[in-house]
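Values below: every heavy atom of this structure, side chains too, minus hydrogens, waters and symmetry copies. Remember, it's 1-based here, ligands and their atoms both numbered in the order they're listed. Only a predicted model underlies this, so the values are computations on that prediction, with no experimental measurement involved.
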Amino acid sequence: AWEQGWIQPQIARYKTRKRIAVVGSGPAGLAAAQQLARAGHSVKLFERQDRIGGLLRYGIPDFKLDKRLIDRRMAQMRAEGVEFHTNIHVGIDIPARKLVEDYDAVVLAGGSEQPRGLAIPGRDLKGVHFAMDFLRSNSKRVQGVHVPDAEFISAEGKQVVVIGGGDTGSDCIGTANRHGAKSVTQLEIL
Ligand SMILES: Cc1cc2nc3c(=O)[nH]c(=O)nc-3n(C[C@H](O)[C@H](O)[C@H](O)COP(=O)(O)OP(=O)(O)OC[C@H]3O[C@@H](n4cnc5c(N)ncnc54)[C@H](O)[C@@H]3O)c2cc1C
């Protein structure tokens, strides 16, 4: 049934011979790469993580977003000519200058990955984590990627407090419940 959801590729009828590098494979990088390929450009997409998708892949949990949606979109984009390169950290594995020299244009779609800490007493205590450290290690395990126990944050049997009530906070609640947390309390400033 899933295969029936295959989306027909829209292959560009004319090629511009322009080469474009897209840095980052979240929704911004994916959308930019697809539109540029459909306009006839030759597009390479660089992602520093081991899989394509940005926060769609390892941020938003599997119970909220079926990862086959990303895989299906990637298959369509491959058919349209987009090349995917994972485990390439632009600025470290490839100098940014080289991209600028080798390509006609470079799209920066690296997202916003700096977590915002709380400057309050107790912030440094054991057991206080940033949401993405909790969610990323969980998503990787759910998707079959090896995560050493030392890096995995489990909420099993714990009394969990989630600070923040947006998408990220609710994903932490859903994940903590699925781990088997003893209790989950959410605090929201609004
Ligand atoms: C837990 C969580 C839940 C969310 N839930 C929802 C939701 O339900 N609905 C909704 O609409 N939005 C949701 N969001 C927000 C949404 O995920 C983001 O707005 C969106 O992913 C931003 O897209 P982006 O492409 O700009 O960045 P990202 O998705 O962050 O992708 C950026 C990518 O760039 C890569 N990158 C960065 N620097 C480099 C580099 N130098 N070289 C190579 N690669 C690099 C990163 O590894 C990353 O894969 C959620 C966010 C989080 C954290």
Side-chain angles (χ1 to χ4, degrees), residues 19-37 43-74 76-78 82-103 105-118 128-143 145 147 151-155 160-179 181 184 186-190:
R19 290 160 49 83
I20 319 261
V22 177
V23 182
S25 71
L30 288 174
Q34 184 159 46
Q35 294 303 311
L36 289 162
V43 181
K44 285 194 185 177
L45 192 150
F46 298 94
E47 169 56 52
R48 71 177 177 188
Q49 295 279 344
D50 58 348
R51 292 193 188 173
I52 295 294
L55 285 171
L56 303 181
R57 180 72 68 180
Y58 290 141
I60 300 176
D62 287 54
F63 63 77
K64 204 169 85 178
L65 178 72
D66 190 326
K67 307 308 169 194
R68 289 179 300 180
L69 287 165
I70 312 172
D71 299 334
R72 189 176 68 176
R73 178 64 59 154
M74 282 174 66
Q76 185 198 36
M77 290 173 67
R78 275 204 184 94
V82 175
E83 274 184 36
F84 294 99
H85 299 272
T86 50
N87 293 311
I88 305 267
H89 191 163
V90 171
I92 293 180
D93 300 314
I94 303 182
R97 181 181 295 277
K98 181 145 177 57
L99 284 191
V100 173
E101 284 166 3
D102 290 354
Y103 292 83
V106 178
V107 177
L108 297 179
S112 171
E113 299 194 317
Q114 283 292 330
R116 188 159 60 88
L118 279 181
V128 181
H129 305 283
F130 282 124
M132 275 306 298
D133 294 335
F134 176 51
L135 295 173
R136 190 183 293 109
S137 64
N138 177 73
S139 287
K140 284 192 164 182
R141 276 209 178 164
V142 169
Q143 292 170 46
V145 179
V147 178
E151 286 172 30
F152 185 75
I153 301 167
S154 172
V160 176
V161 177
V162 176
I163 302 175
D167 281 330
T168 306
S170 55
D171 290 350
C172 289
I173 290 174
T175 302
N177 275 329
R178 283 162 177 78
H179 282 189
V184 182
Q186 185 176 35
L187 304 176
E188 164 56 48
I189 197 168
L190 295 177

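Partner of R51 under the side-chain contact (heavy atoms from CB on, under 4.5 Å) criterion, out of V145, I70, T86: V145 alone. Only one option out of D66, D71, D62 pairs with R57 in a salt bridge (Lys or Arg N to Asp or Glu O under 4.0 Å); it is D71.
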Which atom pairs, nitrogen or oxygen on both sides, join ligand 1 and the protein at under 3.5 angstrom?
from     : atom 1 : to  : atom 2 : distance (Å)
ligand 1 : 5 (N)  : K64 : NZ     : 3.3
ligand 1 : 8 (O)  : K64 : NZ     : 2.9
ligand 1 : 25 (O) : P27 : N      : 3.3
ligand 1 : 25 (O) : A28 : N      : 2.9
ligand 1 : 29 (O) : L55 : N      : 3.0
ligand 1 : 41 (N) : V90 : O      : 2.9
ligand 1 : 42 (N) : V90 : N      : 3.0
ligand 1 : 44 (N) : R48 : N      : 3.2
ligand 1 : 47 (O) : E47 : OE2    : 2.7
ligand 1 : 49 (O) : E47 : OE1    : 2.7
ligand 1 : 49 (O) : E47 : OE2    : 3.0

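Between the CZ atom in F63 and the CG atom in N177 there is a gap of 8.5 Å [rounded to 0.5 Å].
Taking a cutoff of 4.0 Å between a charged side-chain nitrogen and a carboxylate oxygen, R19 and D102 do not qualify as a salt bridge.
Heavy-atom minimum distance, M74 versus F84: O-CE1, 3.7 Å.
Atom NZ of K98 has 12 or fewer heavy atoms from other residues, nucleotides or ligands within 6.0 Å.
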